[in-house]
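See structure below.
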Amino acid sequence: MANKPIQGEKRMFMTGNEVCAYAALAAGADIMYGYPITPQNEIMHYWTRLAPKYNRSFLQTEDEISAGFTTCGGVLSGKRAFTATAGPGNTLMQEPMSMAEMMRIPAVFIIQQRGGPSTATVIYSQQEVTMTCYGANGEGLRIVYSTANHQELYDYTIKAFNTAWKYRFPTFVLGDGYQAKMRESLTIYDPELQGIQMVDTYPLVGLPGKAGADRDPAHLRNTYNTEEELYEVVKDLVTTYEKFAPEIVEHTTKECDDAEVVILCHGIVSRAAVEAIGELRAAGIKAGMFRPITLRPFPTAPLRNVVQKAKKLLIVESAEGQFARLALPSLYGLTTPMETIFKPGQGITSDEIVKKIKDMA
Amino acid sequence: MTTATVLEPKMPKSWRQETKPHKFCPGCGHGDILKALGTAIDELGIQDRVVFGCDIGCSLLSWDFFNCDAIQTHHGRTTPVMTGIKRARPELICIAYMGDGGGYAIGAQHLVNAASRNEKLTVILANNAQYGMTGGQMAPTSLPGMKTETSPYGRDVDATGNPTLGPEMVAAITPASAYVARGTMANIPQLTRMMKKALQNQIDGNGFSFVEALSACPTNWRMNAAKTWEFVEKEMTKYFKVGELKVPAAKQEG
Ligand SMILES: Cc1ncc(C[n+]2csc(CCOP(=O)(O)OP(=O)(O)O)c2C)c(N)n1
Ligand code: SF4
């Protein structure tokens with residue numbers, strides 16, 4: 001069965017990058033365009049090994065600017081196209097991302113964050129949050145899923161293709177170097193068996209029929225002559241984005257109902273938070289966790305609800321406040337005291353969170 | 001009594017009448033080059049398979065020029081956008097249209113790499129020896145001594161290098177199946193034949209095809225019609241030799 005690479009359900013033990021490649025296959029991705037950069041390389045490695053067996057394609061481009069633009073081209077021609085990058089590659093890819101944002105090109109980008117700024121480390125960080133959510137010249141009209149484990153990498157990579165094609169905004173799976181490289185177990189599955197219907201793709205150029213005779217040509221423009229014209233276009237994009245946002249936004253909580261201290265975090269850091277909550281609860285401290293799964297759009301109302309009821313808020317991230325800056329507008333006007341653990345480029349352990357919260361008491 | 005005969009301007013069929021007259025300045029080479037392209041598309045009968053991509057620069061004014069699907073993208077990035085389309089849908093005829101700034105400066109790495117990979121694309125580049133849209137700055141193709149907004153005393157080749165020889169470079173790095181030529185707006189029948197061969201090479205699935213067309217920018221050159229033509233025909237051709245540089249198994253155009 002050439003086009004059903006993943007049949008039924010299978011328990012697997014593999015790296016996050018391998019998970020992404022399998023998920024893209026399972027989602028029916030047609031083509032990947034990519035340029036090597038650590039720590040996402042193995043997405044391309046696995047894809048190039050698996051893709052030809054299932055009639056899928058790959059192009060290694062000359063750089064990430066090209067990888068992003070070829071991906072836009074693939075999507076414009078009606079294919080489920082994606083790319084993956086990290087760090088400096090993410091920086092270069094902001095240009096095509098801004099085109100995808102402006103032209104509502106449903107491209108899927110997998111980002112495995114590494115340490116910045118500049119070349120920095122190839123290992124891990126949560127320092128690509130601002131860039132992934134709000135990079136480039138635009139208003140950040142993107143959908144960004146921040147994953148915490150391999151199961152989510154699989155689930156949300158599949159979902160990203162559907163979100164992108166359903167809402168037609170560029171969609172990001174934001175992982176990190178730890179998730180990319182470590183091995184853990186997960187269940188991979190054929191999305192159809194889980195009742196997940198892959199949203200049909202369709203071409204925006206290269207349409208059937210003779211342009212000018214049977215139909216109007218698709219004349220897709222991305223440059224505007226006047227400020228008023230641009231204003232109209234962007235306002236329309238913003239309105240559309242905001243209309244869809246409530247359907248797209250996702251978050252998860254842990255023991256928030258009676259929480260006096262709320263840990264606010266995202267991605268893999270939430271795993272340390274969950275562990276910490278266990279220890280803190282055993283010690284009689286009512287701790288809970290709020291984790292946005294979509295960083296864009298941001299789950300403002302539910303976060304506000306939880307923080308409003310709490311006595312204290314602790315924001316934890318492997319960056320110097322990038323996630324905090326994203327979250328704080330949602331908390332405007334609340335007076336809940338806040339503390340932070342900011343560790344740019346470093347992982348965070350449950351012990352650190354436990355200690356901090358005990359100190360806060 | 002004499003009857004006046006009104007001559008309708010002859011437009012290629014693949015042009016979109018509703019968007020004419022076009023938006024280029026009077027006397028601009030872009031219109032002529034796109035006429036040659038339109039004629040080539042007509043003669044090959046490929047209008048329903050063409051996806052036309054244009055760059056930023058004055059070429060962007062052609063985003064609704066043809067009765068073909070078209071995508072206007074970023075400065076220098078038309079080649080990868082069209083590569084992306086071609087790789088995903090090989091049955092489409094993908095044409096990337098750009099200026100010398102888009103092809104030889106900001107987008108040079110894409111041109112070089114698309115050529116090296118022998119992408120089955122057709123790239124058409126209008127060489128007007130400067131940056132038109134941004135108001136006449138020096139381009140990689142500005143001639144030695146040429147005055148532009150950013151070389152007000154004339155291009156100093158010691159400081160800024162020699163004009164880029166695009167087709168020569170592309171010919172050097174492509175395999176034998178590529179088609180490479182330099183035409184000129186001063187010889188539209190020849191330019192049309194070159195475009196046809198370039199497109200045919202893509203249709204045949206042979207390889208990369210590249211046509212540079214010498215073009216005029218009377219606005220930024222600040223020249224009258226007669227001088228503009230003289231500049232294209234006499235000055236530009238001193239550096240940019242018109243002719244075919246690489247023809248896979250076909251008769252060479254002089
Ligand atoms: C990244 C980026 N840098 C700069 C520009 C500004 N820009 C617009 S058009 C142009 C030059 C175009 O010149 P050329 O490619 O020679 O085409 P022409 O206008 O002469 O036809 C520049 C530099 C841009 N749009 N994007
Ligand atoms: S500025 Fe020059 S290149 Fe641009 S449309 Fe006018 S004449 Fe043509």
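Each chain gets a letter, A, B and so on, in the order its sequence line appears, and its residues count up from 1.
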Exercise for review: Determine which residues belonging to residues 16-24 of chain B lie within contact range of chain A, meaning some heavy atom pair is under 4.5 Å apart, and list them by number or answer 'none'.
Suggested key: B/Arg16
Exercise for review: Please say whether more than 12 non-hydrogen atoms of neighbouring residues, nucleotides or ligands are located less than 6.0 Å from CD in B/Gln200.
Suggested key: yes
Check your understanding: Can you tell which of B/Arg117, B/Lys86, B/His110 has the highest number of heavy-atom pairs within less than 4.5 Å of chain A?
Key -> B/His110
**Study point:** Contacting moiety of B/Ile71, where chain A heavy atoms sit under 4.5 Å
**Key:** both
Revision key, fill the gap. Greatest number of non-hydrogen atom pairs under 4.5 angstrom with chain A, of B/Val50, B/Thr83, B/Thr73, falls to B/Thr73
Exercise for review: Select one option (side chain, backbone, both, neither) describing which atoms of A/Ile31 are under 4.5 Å from chain B's heavy atoms.
Suggested key: side chain
Review point. Any sub-3.5 Å donor-acceptor pair from B/Asp69's side-chain atoms to A/Gly206's backbone N or O?
Key: yes
Review point. In residues 95-114 of chain A, which residues are in contact with chain B at a heavy-atom separation under 4.5 Å?
Key: A/Glu95, A/Ser98, A/Met99, A/Met103
Review point. Chain A heavy atoms under 4.5 Å from B/Ile56: which part of the residue, side chain, backbone, both or neither?
Key: side chain
Exercise for review: In sequence, state the C-alpha distance, the side-chain angles, and the governing distance for B/Leu60 and A/Arg221, and then conclude on side chain to side chain contact (heavy atoms under 4.5 Å, CB included).
Suggested key: CA-CA 9 Å; B/Leu60 78 84; A/Arg221 179 165 64 138; over 6 Å; no
Practice item. For A/Glu227, look at atom CD and say whether over 12 heavy atoms of other residues, nucleotides or ligands are found less than 6.0 Å away. Key: no
Practice item. Select one option (side chain, backbone, both, neither) describing which atoms of B/Gln47 are under 4.5 Å from chain A's heavy atoms. Key: side chain
Check your understanding: Within a radius of less than 6.0 Å around OH of A/Tyr224, do more than 12 heavy atoms belonging to other residues, nucleotides or ligands occur?
Key -> yes
Review point. Just how far is it from atom OG1 of A/Thr223 to atom CG of B/Leu61, taken to the nearest 0.5 Å?
Key: 8.5 Å
Check your understanding: Picking from B/Val51, B/Val112, B/Ile85, B/Thr78, which has the most non-hydrogen pairs under 4.5 angstrom with chain A?
Key -> B/Ile85
Point to revise | Proximity breakdown for B/Arg49 and chain A, heavy-atom pairs closer than 4.5 Å | key: neither
**Study point:** Backbone N/O of B/Phe66 and side chain of A/His219: donor-acceptor pair under 3.5 Å
**Key:** yes
Revision key, fill the gap. Among residues 60-67 of chain A, those lying within the under-4.5 Å heavy-atom range of chain B are A/Gln60, A/Thr61, A/Glu62, A/Asp63, A/Ile65, A/Ser66
**Study point:** Verdict with supporting geometry, A/Tyr33 and B/Arg87, side chain to side chain contact (heavy atoms under 4.5 Å, CB included)
**Key:** CA-CA 10 Å; A/Tyr33 303 89; B/Arg87 287 277 176 157; 4.1 Å; yes
**Study point:** Region of B/Val81 in contact with chain A, defined by heavy-atom distances below 4.5 Å
**Key:** both
Review point. Is the shortest heavy-atom distance from the side chain of A/Leu59 to the side chain of B/Glu119 under 4.5 Å?
Key: yes
Revision key, fill the gap. Within residues 68-93 of chain A, the residues sitting under 4.5 Å from chain B by heavy atom, in sequence order, are A/Phe69, A/Thr70, A/Gly73, A/Gly74, A/Leu76, A/Ser77, A/Lys79
Review point. Which of the residues A/Leu207, A/Asp214, A/Asn222 is involved in the greatest number of heavy-atom pairs with chain B at under 4.5 angstrom?
Key: A/Asn222
